[in-house]
Amino acid sequence: MTSLLKSLNGFQLFSRHLKQSLNMISVPARGKLQNPPPKKRHPEWLPKPTRTRYNEELSPENKEFLSEFISANNGLLDVQKSPLNTELVQSATWTPGSKRTGLIGKKIGVYPMWLKNGKKVTTTLIQIVDNEVVKYMPPEEFNPVKRTKHLQPKVKNGCLVLGAVNIDPQLLTKEYYGIFNAAGVTPKKTLMRFVVSPNAALQPGTPLCAAHFKPGEFIDIRGKTIDRGFQGVMKRWGFKGMPASHGVTKTHRRPGNIGSGGTKARVMPGTKMPGHVGNRWRILKGVKILRINTKYNVIWVLGHNVPGEINTMCYLYDTILPTKKNTSPHFPTYLPNNENTNVLPEELYADDVHPFSDPTIEYQPKS
């Protein structure tokens, strides 16, 4: 009996040492790079899977009644009371360490504008469609999966969930509809999270408009680039290509030697080769706002290189560039006064932009 116990204790001790030794061994993973390539995503034009709708055998009169009922109750089937009816959002004081929410916009086209010095510039039009706050997660509940690489703030930030583009609640699943029903807002097609400081929190149901920003400010725009598919090195990396003549045979658009011979004898990580182009999230930083239309919630930003196709969604927020940060933004957002004393005009322009309503700029030649 004692010999059996000794053997069992020895086996347990051996297994414990074996586990410790296995934990110390680093098994190399084949093909796992220091900076792995981005994951492939489905293109925007690919039809998304939808649930199988149940035939409810509704008559045309019943469908019309449901549509009228939903439109009359702001898209809520249960007619739940919005938190805005009991607790209104209050204005806060902006401090240099504050971080407010952004907006969800739709890229609708490119349009030219003129500056006061006569220079013609190209702008991109972004429309803010039905933006509302859906949920607020306080700092003690917000636990992001991926931490930022920047310096962590002294005060832990929270998170705001924004929704855009109203949709028919009859087309949603019960679980997805419950997110909006609990907040008392109309169901949205697009959801996006924005990290905010605790003093920039907004109640669910707070509407956001284009006046959240001011003309002349700088913002960062995040969007998904146009999907170009599999492309060669000339279109993907801008290679010159081989000559068209002088003995070149069937290698006019090929990359040529990739320099992997000799002692390396392998393809080095990061070599520029053919591959998939586009369909990646990219951020355009430090974009200037030139014009804002408060009636249709349209923002004109400088440049035509905003990532994404026409009618795709993009995300706008205050820039993180230290030399272009805003000093006095609407905080936590633009709140129209109930007394209508601070009603904004329909068109807002930056200081260096020539409004279309002004007379045409004319330059007289020097005599």
Side-chain angles (χ1 to χ4, degrees), residues 21-49 107 109-110 121-122 124 126 144-151 192-193 218-288 301-317 319-324:
S21 61
L22 288 177
N23 291 334
M24 295 174 61
I25 298 175
S26 60
V27 181
R30 182 187 178 98
K32 191 165 185 176
L33 307 178
Q34 186 75 16
N35 295 318
K39 297 180 181 180
K40 295 183 179 180
R41 301 176 177 87
H42 294 299
E44 293 292 339
W45 49 263
L46 186 68
K48 296 178 175 59
K107 181 179 176 181
V110 179
V121 294
T122 307
T124 302
I126 301 177
V145 178
K146 186 176 180 181
R147 289 290 179 181
T148 177
K149 297 180 182 179
H150 303 285
L151 295 177
M192 176 65 179
R193 299 195 306 178
F218 294 90
I219 59 175
D220 295 344
I221 304 176
R222 179 175 181 262
K224 186 179 287 186
T225 56
I226 300 176
D227 187 13
R228 303 291 183 182
F230 195 94
Q231 298 294 335
V233 292
M234 293 184 66
K235 187 166 185 177
R236 191 185 188 194
W237 302 108
F239 282 14
K240 181 181 178 181
M242 301 295 178
S245 59
H246 297 282
V248 178
T249 305
K250 296 184 179 180
T251 56
H252 308 289
R253 299 184 65 87
R254 294 192 178 186
N257 184 15
I258 61 176
S260 299
T263 57
K264 294 178 289 186
R266 65 189 181 97
V267 179
M268 299 303 294
T271 304
K272 295 181 178 180
M273 300 182 72
H276 195 96
V277 179
N279 199 32
R280 300 284 187 269
W281 287 104
R282 294 292 180 264
I283 300 178
L284 188 63
K285 298 180 182 179
V287 186
K288 186 177 181 180
V301 296
L302 182 62
H304 59 274
N305 56 340
V306 174
E309 297 185 62
I310 302 298
N311 294 327
T312 56
M313 307 305 293
C314 57
Y315 309 114
L316 291 68
Y317 43 87
T319 182
I320 63 173
L321 300 181
T323 58
K324 296 183 179 181

Pairs involving residues 221-246, ordered by first then second residue, that meet salt bridge (charged side-chain N to carboxylate O under 4.0 Å, His left out) (sequence neighbours left out): E44-K224

Sub-4.5 Å side-chain heavy-atom contact between I221 and T124: no

Minimal non-hydrogen separation, G286 against K324, with atom names: O-NZ, 3.8 Å

For the student: nearest non-hydrogen atoms of E309 and I226, plus distance: CG-CG1, 3.3 Å

Polar side-chain atom of T225 near backbone of R280 as donor-acceptor pair, under 3.5 Å: yes

Distance-minimising heavy-atom pair for G232 and P274: CA-CB, 4.1 Å

Return a table of donor-acceptor pairs under 3.5 angstrom between the side chains of residues 241-254 and protein atoms on other chains or two or more places apart.
from, atom 1, to, atom 2, distance (Å)
H252, ND1, P243, O, 3.2
R254, NE, K250, O, 3.4

Minimum heavy-atom distance G223-C314, with the two atoms named: CA-CB, 4.4 Å

Pairwise side-chain contact, M273 with W237, heavy-atom cut-off 4.5 Å (strictly under): no

Value rounded to 0.5 Å, distance of CD1 in I283 from OH in Y317: 3.5 Å

Minimum side-chain heavy-atom gap I219-T319 below 4.5 Å: no

Separation between OG1 of T271 and CZ of R266, rounded to the nearest 0.5 Å: 9.0 Å

Within-4.5 Å side-chain heavy-atom neighbours: V301 and F218: no

Chi angles and distances behind the side-chain contact (heavy atoms from CB on, under 4.5 Å) call for D220, L284: CA-CA 6 Å; D220 295 344; L284 188 63; over 6 Å; no

Contact summary for V306 and K107, nearest pair of heavy atoms: O-NZ, 2.9 Å

K272 versus V233, closest heavy-atom pair with distance: O-CG1, 4.1 Å

